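Structure, as structure tokens:
No experiment lies behind these values; they were computed from the predicted model shown. By convention in this document, chain letters (A, B, ...) are assigned in the order of the sequence lines, proteins followed by strands, and residues within each chain are numbered from 1.
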There are 2 protein chains.
Amino acid sequence: MTQSRPRIPEATVARLAVYLRVLTGLAGGGRSTVSSGELASAAGVNPAGLRKDLSHLGPCGVRGVGYDVATLRDRIARVLGVEQSRACVLVGIGNLGTALADYAGFGSRGFRFVGLFDAAPARVGQRIGGQPVRPMAELDEVVAATAATIGVIATPAEVAQPVCDRLTTAGVRSILNFAPVALAAPPEVDVRQVDLSVELQVLAFLGQQRSDAAGSLEVLA
Amino acid sequence: MTQSRPRIPEATVARLAVYLRVLTGLAGGGRSTVSSGELASAAGVNPAGLRKDLSHLGPCGVRGVGYDVATLRDRIARVLGVEQSRACVLVGIGNLGTALADYAGFGSRGFRFVGLFDAAPARVGQRIGGQPVRPMAELDEVVAATAATIGVIATPAEVAQPVCDRLTTAGVRSILNFAPVALAAPPEVDVRQVDLSVELQVLAFLGQQRSDAAGSLEVLA
DNA sequence: GGTTGTGAAATGCTTCACAGCT
DNA sequence: AGCTGTGAAGCATTTCACAACC
């Protein structure tokens, strides 16, 4: 029955996740209040932008003082839906999949992997972070039993689409795809794509552009 | 002495990297031409946006026909600076670091890792993808010898800042950081941040928002 | 007929500046 | 005095619609 639905911008949601991480760290260090300036510099953003982001949650600071660390943390966690931890399944337990399964950042931020799957018989049965790697045949069963709504794909590109299909028919509603291919999925399923090498390529382009620009310094003199 | 500097938008650069990947795949499959519609759907974007992106490179298609796959691929590769391969060093050879070092997508897209580094003695000397893991003490030497300009950080968060400092003093100009902390670096060094769990959190938020919205379907009826 | 290339409109996001509160 | 919250301005990006072209 929430009457207000002010549509939080996606860019803001992404930053809220970062603020949440920083606030959790501050709370762990015993800190009780922060200013927007300090929080912004720890998160790598500008202070005015941070305040605008927080304004989407309604007033949550004290003027002249700052924000209460624990209160703000809980407020953001509730908005992001991280208060109750969400069940995820992970398909593709290579190096990347193993890194994701082990990554403490997930567990501590409201996500738990309830199933690790791989098609290679050699990997099935290995234990990663206390959990066994299961064969793909058990996917539907595990998704049904755990009510997992999120699937993560860390397979080679060639098999990502069939894995996506299997996840959607098993009942997963959201998919995070690390394989470098665009996936087709029914409209009721959200798919987000992360391409690790795109960031590197953007970085290289910016570096190249900057050194080119350095050749025309005299324009500024 | 390139006289034209029309400032390609960063969002476009990121997508160009994706188009390049798709085009490379098409060329490998023996395909000679593509339309913007087909290329867009393989890249997961909308056709008009793709054409606008390509317009930053100047005219490169044939009206009524489409784009020549090989020509467009080479054009994008040149703009992104992928023709000459770039030397990178990678610090932090855990699961994620290993995944990055092994990831074929880098090698085939203009990046080569010329040094893998880790602080843990147990990891030093292991071979990943044909290369030995080196101790941090050799960092400056390798960066100098290979003229590496890009550093990738895949360490735990606690040591990412000191690693960043070591990379910048060694002479690296661009840094891609996978550790979940905002890094401070001198202004002449580009830092880009990738937080693997942020995407998952955005996905969870969108999923939650959508199921909330499903409760108010009658508004549309 | 079919498809590209592109101005112009629309949208979304960021930054600024300052009013408002403690 | 200090810091938050926010309207408004400025900037970037996406989408649309269609003229230009093969």
Looking only at the side chain of [X] (C-beta and beyond, no hydrogens), which of the listed nucleotides [options] gets closest?
X	options	result
A:Pro59	D:dG5, D:dA17, C:dC13	D:dG5
B:Arg51	C:dT15, D:dT14, D:dC18	D:dC18
B:Ala11	D:dC3, D:dT14, D:dT6	D:dT14

B:Glu38 vs B:Pro47 side-chain heavy atoms within contact, under 4.5 Å: no
Between [atom2] of [N] and [atom1] of [X], the distance in whole Å:
X	N	atom1	atom2	answer
A:Glu38	D:dG2	CD	P	16 Å
B:Leu54	C:dT3	CG	P	16 Å
B:Asn46	C:dG12	CG	C1'	16 Å
B:Lys52	D:dA12	NZ	P	15 Å
B:Leu57	C:dT6	CG	C1'	14 Å
B:Leu50	C:dT4	CG	P	9 Å
A:Tyr19	D:dT4	OH	P	13 Å
A:His56	D:dT4	NE2	P	16 Å

Can you find a side chain N or O atom of [X] that sits less than 4.0 Å from OP1 or OP2 on [N]?
X	N	value
B:Ser36	C:dT4	yes
B:Tyr67	D:dC22	no
B:Arg15	D:dT14	yes

>> Using only atom types and a distance under 3.5 Å, with no angle test, would you say the side chain of B:Gln193 pairs donor to acceptor with the backbone of B:Ala179?
In response: yes
Note to self: B:Ser85 vs B:Arg112, test: side-chain hydrogen bond (donor to acceptor under 3.5 Å, both in side chains). Steps then yes/no.
What the structure shows: CA-CA 7 Å; B:Ser85 96; B:Arg112 59 179 205 283; 2.7 Å; yes
*With no angle test and no hydrogens, is the base of C:dT3 tied to the side chain of B:Arg63 by a donor-acceptor pair under 3.5 Å?*
no
Assign each of B:Asp53 and A:Gly49 the nucleotide of DNA chain C bearing its closest heavy atom; nearer the 5' end lies the nucleotide of B:Asp53
Judged by nearest nucleotide, the residue sitting upstream toward the 5' end of DNA chain C, A:Val65 or B:Val34, is B:Val34
Taking 4.0 angstrom as the limit, do A:Glu199 and B:Arg192 come out as a salt bridge? yes
Does a side chain donor of either B:Asp68 or B:Thr33 reach within less than 3.5 Å of an acceptor in the other side chain? no
